[in-house]
Amino acid sequence: MRKIILEDPLSLRKITDSGQCFRPVELGSGLYRFVCGEHILYCRQDSLCELSVSCDEEEWEQRWRQYFDLDRSYAALCAPLLEPGGDPFLREAICCGEGMRVLRQDPWEMLVSFTLSQRKSIPAIRTAVRLLCERYGERKHTAYEGEAVALFPAPEVLAQCSAEELGECGLGYRAAYVRDCAEKTCAGELLPERLEKLPDDALFEALCSVRGVGKKVANCVMLFGYGRSKRVPSDVWMQRIVEQKYAGEEPFEHWGHAGLLQQYVFYYALEHKEELRGQEKGERK
DNA sequence: CGCCAGGCAAAAG
DNA sequence: CTTTTGCATGGC
């Protein structure tokens with residue numbers, strides 16, 4: 001394992017638990033495994049700003065630096081928002097999520113993962129994604145205890161499966177949606193190399209052409225797969241926050257890098273589920 | 001067992 | 001155009 005010193009706090013646990021990624025896992029005793037494309041990283045948290053990693057320096061610089069979004073300082077970005085007189089809830093959320101990063105993940109994987117995520121809990125999404133990888137993904141051997149890791153399946157492979165077959169991974173009615181992701185990608189309509197050049201609006205529209213991809217899923221793919229840091233996916237949890245902390249008025253418009261702050265807020269919501277659910281209003285009859 | 005999940009498309013108003 | 005409804009299944 002090689003030592004990495006970071007300029008910014010980074011929490012492997014919070015990132016892994018924050019609902020933006022479904023394949024990173026804690027293997028036990030603080031050892032985490034991340035997968036990005038066909039690259040696999042084993043990683044340990046030594047302190048807030050120190051990691052031990054399994055890759056060499058070149059791979060860290062070329063691949064994982066971008067994956068963990070290390071070229072921008074989240075601390076510097078959040079500092080002005082922590083000043084007294086600022087938004088008190090946002091301040092609390094940022095403190096709660098210290099060490100959060102918004103990962104830059106594979107666009108194809110994000111498209112499929114968030115398409116099958118709708119109306120599923122995060123643990124259930126993890127299971128479905130894992131089953132897809134185990135059934136249809138190529139295996140890659142690693143140095144860690146001879147472990148063979150199943151990579152995320154290629155579009156061509158999923159496009160050859162019937163919806164019924166895909167459904168066996170627990171996709172339910174979303175199986176047809178995943179098939180459409182694969183078909184359109186194979187047909188060249190959603191090639192990441194082309195889409196990444198589009199402006200936000202055009203990219204959004206292209207993603208929404210897939211059956212089962214709407215506003216929320218498209219924004220997740222843009223934020224987590226294409227690095228569009230202004231996008232704010234709005235799901236039930238974000239809606240509860242807007243209701244209960246902002247009296248129904250979305251504050252995101254006047255946040256710079258709203259997508260990054262959104263991730264702190266979303267993580268805060270996951271960590272305070274009970275209170276947010278409990279205070280839900282409007283169940284009068 | 002019952003309830004809810006990082007929503008969406010289609011039907012109804 | 002805006003609002004309501006049905007949806008498959010795993011976690012807990």
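Values below: every heavy atom of this structure, side chains too, minus hydrogens, waters and symmetry copies. First the proteins, then the strands, lettered A, B, ... as listed; each starts at 1.
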Review point. Can you tell me how far P of B:dC8 sits from CG of A:Leu207, to the nearest Å?
Key: 12 Å

Review point. Would you find a donor on one side and an acceptor on the other, under 3.5 Å apart, between the side chain of A:Lys184 and the backbone of A:Val210?
Key: no

**Study point:** d(CG, A:Leu116; P, C:dG10) in whole Å
**Key:** 13 Å

Check your understanding: Is it true that a side-chain atom of A:Gln118 and a backbone atom of A:Gly212 form a donor plus acceptor pair closer than 3.5 Å?
Key -> yes

Practice item. Grab the CD-C1' distance between A:Glu274 and B:dC4 for me, whole Å please. Key: 14 Å

Practice item. Select base, sugar-phosphate, or nothing to describe what A:Phe22 touches, counting heavy atoms under 4.0 Å on all strands. Key: nothing

Check your understanding: What nucleic acid atoms does A:Gln262 come within less than 4.0 Å of, heavy atoms only: base, sugar-phosphate, or nothing?
Key -> base

Exercise for review: Would you verify whether the NZ or CZ of A:Arg23 falls within 45 degrees of the ring axis of A:Phe152 while also being under 6.0 Å from that six-membered ring's centre?
Suggested key: no

Point to revise | A:Gly259 backbone acceptor or donor facing A:Ser229 side chain under 3.5 Å | key: no

Review point. For A:Gln239 and B:dG7, what is the distance between atoms CD and P respectively, to the nearest whole Å?
Key: 9 Å

Exercise for review: Output yes when at least one side-chain N/O atom of A:Arg119 is less than 4.0 Å from OP1 or OP2 of B:dC3, else no.
Suggested key: no

Review point. So, the side chain of A:Arg44 versus the backbone of A:Ser29: is there a donor-acceptor pair under 3.5 Å, distance only?
Key: yes

Exercise for review: Could you tell me whether a side-chain N or O of A:Arg33 sits under 3.5 Å from a main-chain N or O of A:Pro24, the two making a donor and an acceptor?
Suggested key: no

Study note, to complete from the structure: Checking C:dC12, B:dA5, B:dC8 against the side chain of A:Lys215 (C-beta onward), the nearest is B:dC8

Practice item. Have a look at A:Arg126 and say if it touches a base, only the backbone sugar-phosphate, or nothing, with a 4.0 Å heavy-atom cut-off. Key: nothing

Exercise for review: Answer with base, sugar-phosphate or nothing: what part of the nucleic acid does A:Ser18 contact at a heavy-atom distance below 4.0 Å?
Suggested key: base

**Study point:** Nearest listed nucleotide, side chain of A:Ser121, among B:dA5, B:dG7, C:dA8
**Key:** B:dA5

Review point. With sugar-phosphate meaning primed atoms plus P, OP1 and OP2, does A:Gln263 contact a base, only sugar-phosphate, or nothing at under 4.0 Å between heavy atoms?
Key: base

Review point. Can you check side-chain hydrogen bond (donor to acceptor under 3.5 Å, both in side chains) on A:Tyr67 and A:Gln105, steps first, answer last?
Key: CA-CA 6 Å; A:Tyr67 178 83; A:Gln105 304 175 70; 4.6 Å; no

Point to revise | d(CZ, A:Phe266; P, B:dA5) in whole Å | key: 11 Å

Check your understanding: Whole Å only: how far is the NZ atom of A:Lys120 from the P atom of C:dG10?
Key -> 7 Å

Pairs under 3.5 Å (N/O, protein and nucleotides 9-13 of chain B):
unit_1: B:dA9; atom_1: OP1; unit_2: A:Gly212; atom_2: N; d: 3.3
unit_1: B:dA10; atom_1: OP1; unit_2: A:Arg211; atom_2: NH1; d: 3.1

Check your understanding: Are any of the side-chain nitrogens in A:Arg2 or A:Asp56 under 4.0 Å away from the carboxylate oxygens of its partner?
Key -> no

Review point. Does A:Thr127 make a side-chain N or O approach to OP1 or OP2 of C:dG11 shorter than 4.0 Å?
Key: yes

Check your understanding: Expressed in whole Å, how much space separates the P atoms belonging to C:dA8 and B:dA11?
Key -> 14 Å

Review point. Considering heavy-atom distances to DNA chain B, does A:Val217 or A:Arg174 have its closest nucleotide positioned more toward the 5' end?
Key: A:Arg174

**Study point:** Spacing between A:Arg277 atom CZ and C:dG11 atom C1', to the nearest angstrom
**Key:** 12 Å

**Study point:** Atom-pair distance (CG on A:Leu171; P on C:dT9), nearest Å
**Key:** 10 Å

